[in-house]
Amino acid sequence: MLVTNDLVDKILPILETQKIFFIDVETDGLEPYYGNRICGIGIGIASGKTYYFPFRHKHDQSKNLSQEYLKLLIGILNDSEKLIGYNIKFDLHMLIQEGLIPWDKELVDVLVAIRLIEKERFPELGLSPTIDRIFGEGNSKYDIETKIILRKNKWIKDFSMSPEKILGPYCEEDVMWTRKLYIHSEYEIKRTSQEKIWNLQQKLTRILLRMEFNGIRIDSNYCKQALNLLNEYKPILGKKIFDLANREFNILSPKQIGEVFTDLGISSPEITNKGNPSWNETALFQIDHPLSGLIREYRTLGKLGSTYLEPFVDYLTLHGSFCNWGTATGRLSSRDPNLQNIPRFITSLSGEITLEQSKEVQERIEAIVRARKGTSVLIGGATLSAMTGFTTEKYYSDEDSERISIRRLFIPRPGYKLISYDYSQMEVRTFISYFSNQRISDLMKKEGFDFHKEAAKIGFNKSGNEPDFHFYRQMAKAITFGIIYGIGNARLASQLGKTEEEAKEYKKAYFKAIEGSREFIRETTNNAQLHGYVINKYGRKYWIDSGKEYVAVNYLVQGTSADILTERMIALEDYFKAVRGKMLIQIHDELICEVPEDSYVEISKKVKDILEENSLDIPLVVDVSLCDPSWAHKKDLVLI
DNA sequence: CCTGACTCA
DNA sequence: CATTTGAGTCAGG
């Protein structure tokens, strides 16, 4: 029902009697924190009745309800107990701009429920494709027809341009279908015994809403400074490349890079997934020509600028969005911007050749070289320039004006400290928990326990003091991740820099050392084959295609880890409410938070305890670091 | 193995 | 001519 000025006084009292609402808002754009606003609100109630309240349609403003009524409606929503919507965080951010206070309400995202019950992972997760899948093709006709009208009239980028007569019924259909999907998914979740995981996911929605609402502060001065530095240096580097190549070309185009190298008589040592010559980092590492190092450098700078500096330069606070739907395993994903892949390394602009590098950088290079041992031309000092034509490093210092750290952009609000809480070797611990290896479980309770070191000791019969022990630790580490990721023997071998036969031998020794691991993997794969699904420790069900059973172990380990963190974030919510702490970013096994600076040490002690506790009884260890004054300055925080 | 963003063609 | 699409690359776990 389209709510008009003569109806509104009769309808609001009906809504006042309700505690649960289905909601869908229409807006003039997608960015609630950068000026976009609601033009109308769709509301559904338990009986199935739906209403559309137009407030800011530009087409015929006489049909809009006054701002007084908007306030009254928000008041009614504020008195409710439960709000249900499809991709509900978007609607809530918009409603927050109008005064909605959702922080103690039950918030239900029907999209999240749908993802738990659909066997297949469909790429189309919008409301209309979903109702077609679940209730039959053709049910979303209203959506297609409305979108055609909107597009034809150029209203598609700003729905508020359209008349309420068009958008109202459309919005009400959305609300109606949201309700139907909700009823359906409630039933299906019970039928597939996923109540536990659904309960966690539901609570997580409110936490993610809060994180997105909080946002994270950006040091825009540093951002501008870094961008200037980059823009000064990039043309110089470009010119160097053109001089060496004896021509101008688009350095970011793999195709054109290929042409340049072909003309120099150099062919690619790698191929892409589609079988074309590849010019990625691994390939360039193996090419003994000064161009390859410079191209790698140019690409890194390009990425830094276009992905991590330019998009942030006009903002003081970044409000990304975290999705608790969409991933195969139950992890979160992050977008607009993606805050889960902010570079850890620091990029040096001077083009210097640095031989002394941090352990982390060394390992990175070693891994690449090892992967191509035998075919690599990377032997001896002559090729070092290709390898280290530029450097990336781990530690940032303010004095160094020739280096750029993206994490340096991220700072706390005034009055707060930025703290990072990191799970130590979380996936490994989850992996071990699947086959109750008591001996390792006991060791894992100790602070600073290094699983890879231990695996190398017992797997390869080492004491830990051998000169080549580092090598064996790397082997053990590669095998552990290889197993968790479900990679085949061939890829493991290439990663180890060994033949397939040798890799198998290493794996055998490993399985023998880590008692129970082989049986766990075998059983999991068998279950996937037998039933077509596996179930993780929280009851999350993963449907697995025949022939892809090797993903099952990864799904269980990655998914259970993700669900542990979800459970712990829920546990943190109440405590943070009491002490004014804020969760800002989750990166799978790490939580970046803002904590009041006057008591950050005491609070962090408690947070560590909360995060280490868990209902699965896995011995988890959380490392706490202070990021002061920025994320780039991350340092261990000793808590006594 | 699980992601998302950007660029080119 | 503008917009969409697939491939390639690379940032994180």
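These numbers come from a predicted model, not from an experiment. Order of the sequence lines fixes the chain letters, A, B, ..., with proteins taken first and strands second; residue numbering starts at 1 for each chain.
- Distances shown here put every side-chain N or O of A:T327 at or beyond 4.0 Å from the OP1 or OP2 atom of B:dT3.
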Show the distances under 3.5 angstrom between N or O atoms of the protein and N or O atoms of nucleotides 4-7 of chain C.
residue : atom : partner : partner atom : Å
C:dA7   : OP1  : A:K274  : NZ           : 3.2

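- Within 4.0 Å of A:L332, counting heavy atoms only, lies no atom of the nucleic acid at all.
- Every residue two or more places apart in sequence or in another chain that forms a salt bridge (charged side-chain N to carboxylate O under 4.0 Å, His left out) with A:E118 is listed here: A:R133.
- At distances below 3.5 Å, not a single donor-acceptor pair connects side-chain atoms of A:Y542 with backbone N or O atoms of A:A528.
- Rounded to whole Å, the distance from CD1 on A:I587 to P on B:dG4 is 15 Å.
- In this structure, A:R151 atom CZ and C:dT3 atom P are separated by 12 Å, rounded to whole Å.
- Here B:dC2 presents its C1' atom at 13 Å from CZ of A:R115, a figure rounded to the nearest Å.
- Judged by distance alone, with hydrogens and angles left aside, A:R331 brings a side-chain donor or acceptor within reach of the base of C:dG13, the pair sitting under 3.5 Å.
- In terms of the salt bridge (charged side-chain N to carboxylate O under 4.0 Å, His left out) criterion, residue partners of A:K504 (sequence neighbours excluded) are, by chain and number, A:E501.
- Looking at residues two or more places apart in sequence or on another chain, you find a side-chain contact (heavy atoms from CB on, under 4.5 Å) between A:R121 and A:R115, A:A328.
- Taking A:P254 as the reference, nothing meets the side-chain contact (heavy atoms from CB on, under 4.5 Å) condition, with sequence neighbours excluded.
- Residue A:S333 places its side chain closer to B:dT3 than to any other of B:dC6, B:dT3, C:dG12.
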Protein-nucleotides 7-9 of chain B N/O pairs closer than 3.5 Å?
residue : atom : partner : partner atom : Å
B:dC8   : OP1  : A:N250  : ND2          : 2.7
B:dC8   : O3'  : A:S253  : OG           : 3.4
B:dA9   : OP1  : A:S253  : OG           : 2.7
B:dA9   : OP1  : A:Q256  : NE2          : 3.1

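- Heavy atoms of A:G482 sit nowhere under 4.0 angstrom from any nucleic acid atom.
- Rounded to an integer number of Å, the gap from CG of A:L339 to C1' of C:dG13 is 14 Å.
- The distance from atom CD of A:Q340 to atom C1' of C:dG13 is 8 Å, rounded to the nearest whole Å.
- With sequence neighbours left out, A:N250 forms a side-chain contact (heavy atoms from CB on, under 4.5 Å) with A:L252, A:S253, A:Q256.
- Side-chain atoms of A:E297 and A:Y233 include a donor-acceptor pair closer than 3.5 Å.
- Residues A:D336 and A:S321 bring no donor and acceptor atom of their side chains to less than 3.5 Å of each other.
- Within 4.0 Å of A:N341, counting heavy atoms only, lies at least one base atom of the nucleic acid.
- Contacts between residues 544-565 of chain A and DNA chain B, defined by a heavy-atom separation under 4.0 Å, are made by A:Y550, A:N554, A:Y555, A:Q558.
- With sequence neighbours left out, the ring-ring contact (aromatic ring centres under 6.0 Å, His included) criterion links A:Y506 to A:F460.
- For C:dC10, the OP1/OP2 oxygens have a side-chain nitrogen or oxygen of A:R299 closer than 4.0 Å.
- Atom CG in A:N338 sits roughly 10 Å away from atom P in B:dC6 (whole-Å rounding).
- Checked against C:dG12, B:dC1, C:dT9, the side chain of A:N280 finds its nearest nucleotide in C:dT9.
- Distance A:F345 CZ to C:dA11 P: 10 Å, rounded to the nearest Å.
- At the phosphate of C:dT9, OP1 or OP2 sits under 4.0 Å from a side-chain N or O atom of A:S278.
- Scored by the salt bridge (charged side-chain N to carboxylate O under 4.0 Å, His left out) test, A:K548 finds no partners at all (sequence neighbours excluded).
- At the phosphate of C:dT9, neither OP1 nor OP2 sits under 4.0 Å from any side-chain N or O atom of A:R296.
- The CG atom of A:D623 sits 14 Å away from the P atom of C:dG13 (whole-angstrom rounding).
- Residue A:R121 places at least one side-chain N or O closer than 4.0 Å to OP1 or OP2 of B:dT3.
- Of all the heavy atoms in A:T205 and A:I88, the pair that sits closest is CG2-CG2, 4.0 Å.
- Residues that satisfy the salt bridge (charged side-chain N to carboxylate O under 4.0 Å, His left out) test with A:D545, not counting sequence neighbours, are absent from this structure.
- Under the rule for a side-chain contact (heavy atoms from CB on, under 4.5 Å), the partners of A:K274 that lie at least two apart in sequence or sit in another chain are A:T272, A:N276.
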